[in-house]
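Heads up, the thing below is written out as structure tokens.
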Amino acid sequence: MRTQVGIIGAGPAGLLLSRLLALRGIDSVVLENRSREYVEARIRAGILEQHTVDTLTDAGLGDRLRREGLEHRGIHLQHPGTRHTLDFPELCGRTVWVYGQTEVVKDLVAAQLAGGPPLLFEVSDVRPEDVDGDAPRIRFTDADGTPQVLECDVIAGTDGFHGVSRPVVTEAGGRLWERTYPYAWLGILADAAPATDELIYAWHPEGFALYSMRSPSVSRLYLQVDPADSIDNWSDDRIWDGLSRRLDIDGWTVSTGPVTEKSILPMRSFVSAPMRRGRLFLAGDAAHIVPPTGAKGLNLAVADVTLLATALTRLLREGRTDLVDAYSDTALRRVWRCTHFSWWMTSMLHTTGDDFDAELQLSQLRRVCSSEAAARELAENYTGLPIEG
Ligand SMILES: Cc1cc2nc3c(=O)[nH]c(=O)nc-3n(C[C@H](O)[C@H](O)[C@H](O)COP(=O)(O)OP(=O)(O)OC[C@H]3O[C@@H](n4cnc5c(N)ncnc54)[C@H](O)[C@@H]3O)c2cc1C
């Protein structure tokens with residue numbers, strides 16, 4: 001087997017990269033170790049920045065997004081007794097969209113299987129090789145158990161945090177930064193019409209709570225919990241009680257309904273640099289992780305592959321290396337901006353049990369809710385900064 005770009009991982013990063021390359025006449029093959037059903041059902045992110053919506057639309061994937069997605073013009077920031085609305089168009093002229101990552105992935109898979117580049121599910125033993133030379137390859141075993149070799153011009157490692165690509169880059173050197181946080185998110189999906197027009201980010205002495213939604217009839221809610229806690233300790237009643245208390249405001253209630261999914265998500269910041277070794281390029285969660293408070297993970301993956309698609313097209317069509325040589329540094333500038341914003345939102349909203357921290361957090365929240373400059377800084381970062389930054 002031979003292709004121009006061998007892509008490891010069919011998450012949003014790998015699938016979108018393949019699509020963007022195909023639109024520019026570059027071949028690729030996507031290798032995924034899970035099944036199509038598993039990949040399409042994985043509940044993860046749900047907020048799309050403006051640039052992500054624009055990129056998906058330009059790639060011919062905007063129809064269902066614009067039909068079924070929900071455009072959001074701001075967020076509510078809450079601390080006890082106060083719920084303040086940040087109006088994004090007024091502050092920075094941009095909006096965000098609520099459209100689940102599951103739906104983004106379904107749209108990308110459908111486009112790929114409808115005449116797009118090959119997408120192979122349920123492969124195993126995937127290994128990028130000879131990435132320092134001009135003729136790298138990927139060895140893998142296909143779904144029938146047959147060993148295969150995919151000869152490539154370049155390889156994209158879009159295989160997420162636990163993938164095989166990043167270790168190949170880091171064994172040649174580079175640097176890792178990591179911060180684990182002393183809290184986690186307990187997330188639920190519920191068949192309940194959202195009781196709010198915009199997402200509510202709530203600071204509360206018991207811990208952070210987030211009210212978000214996936215559709216007019218499905219709510220997605222989160223509670224700050226201890227990372228060592230077990231989901232078995234959280235009955236549906238206990239979760240709804242916690243959400244009601246932490247999101248409480250006069251004259252308003254959380255709307256409840258059957259819980260269809262619940263899990264605990266640890267929180268970490270992680271950056272691996274460089275995002276390249278020879279002819280192997282990393283993008284998305286393979287190179288960096290952010291805590292979900294800033295809603296950046298999926299958007300960063302889209303930003304990476306937008307840059308990478310342009311750089312690889314220049315390399316493979318014109319033989320020019322300037323953009324691939326700049327790729328890692330350019331992508332990392334945005335990665336660090338989003339890493340800072342995600343850390344900042346996380347630090348402002350999650351209680352630590354320390355009274356001094358609590359007063360600092362409340363002071364910061366009051367500042368964002370009363371100063372247009374402080375609110376604009378949040379709005380610009382939340383809705384997404386330009387891709388080349
Ligand atoms: C549990 C969870 C919840 C999240 N919730 C939120 C949220 O609420 N808000 C938010 O903004 N972000 C959230 N994120 C982050 C966001 O979902 C990610 O940033 C996004 O999925 C990154 O896309 P990606 O394509 O880079 O990686 P991934 O989506 O991880 O895709 C990588 C793909 O590679 C495949 N793969 C892995 N190893 C191999 C291999 N060896 N061979 C072949 N294929 C392989 C995987 O199966 C997967 O399909 C969450 C992440 C997780 C893990």
Side-chain angles (χ1 to χ4, degrees), residues 6-18 29-49 52 96-102 104-105 108-109 119-128 138-143 150 155-168 184-189 199 210 212-214 220-222 231 261-270 272 275 281-305 308 331 335 338-339 341-342 345-346 382 384:
I7 300 178
I8 305 175
L15 290 167
L16 180 60
L17 177 64
S18 178
V29 172
V30 183
L31 304 174
E32 166 62 46
N33 64 358
R34 300 285 193 164
S35 68
R36 177 181 181 182
E37 295 68 32
Y38 184 93
V39 166
E40 290 187 342
R42 208 162 25 195
I43 304 292
R44 289 186 169 178
I47 302 283
L48 307 186
E49 292 174 359
T52 298
V96 293
W97 285 67
V98 170
Y99 190 64
Q101 183 168 329
T102 43
V104 173
V105 168
L108 284 161
V109 169
L119 164 55
L120 279 59
F121 289 106
E122 298 182 70
V123 305
S124 52
D125 305 324
V126 177
R127 288 197 316 277
I138 306 174
R139 286 190 194 278
F140 66 98
T141 303
D142 69 19
L150 178 62
I155 299 174
T158 53
D159 44 353
F161 187 66
H162 299 289
V164 294
S165 301
R166 189 179 63 251
V168 174
W185 276 14
L186 187 163
I188 63 164
L189 265 185
L199 275 71
L210 171 59
S212 72
M213 62 292 288
R214 286 291 186 265
R220 177 98 169 119
L221 301 110
Y222 300 92
I231 198 69
E261 201 262 353
K262 59 180 171 182
S263 56
I264 291 183
L265 166 69
M267 298 175 86
R268 66 156 67 87
S269 297
F270 176 89
S272 175
M275 288 170 60
F281 297 85
L282 302 180
D285 278 18
H288 41 74
I289 297 279
V290 286
T293 329
K296 288 289 162 236
L298 170 60
N299 294 296
L300 261 184
V302 169
D304 284 353
V305 297
L308 187 56
V335 168
C338 292
T339 299
F341 177 67
S342 303
M345 286 283 282
T346 303
Y382 193 94

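Indexing begins at 1, ligand by ligand and atom by atom, following the structure's order.
Panel note: side chain Lys296, backbone Tyr382; a donor-acceptor pair is recorded below 3.5 Å. Put simply, the side chain of Asp304 gets close to the backbone of Gly284: a donor and an acceptor are under 3.5 Å apart.
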Verdict with supporting geometry, Ser165 and Asp159, side-chain hydrogen bond (donor to acceptor under 3.5 Å, both in side chains): CA-CA 7 Å; Ser165 301; Asp159 44 353; 2.9 Å; yes
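Residues lining ligand 1 at a heavy-atom distance below 4.0 Å are given as Ile8, Gly9, Ala10, Gly11, Pro12, Ala13, Leu31, Glu32, Asn33, Arg34, Arg42, Arg44, Ala45, Gln101, Val126, Thr158, Asp159, Gly160, Gly163, Val164, Tyr222, Leu265, Gly284, Asp285, Pro292, Ala295, Lys296, Gly297, Leu298, Ala301, ordered by chain and residue number.
Inter-residue side-chain proximity for Glu32 and Val123 is flagged as unmet; no heavy-atom pair is nearer than 4.5 Å. At a threshold of 4.5 Å between non-hydrogen side-chain atoms, the residues Ser212 and Tyr222 count as touching.
In this view, Arg127 and Glu129 satisfy the salt bridge (Lys or Arg N to Asp or Glu O under 4.0 Å) rule, not counting sequence neighbours.
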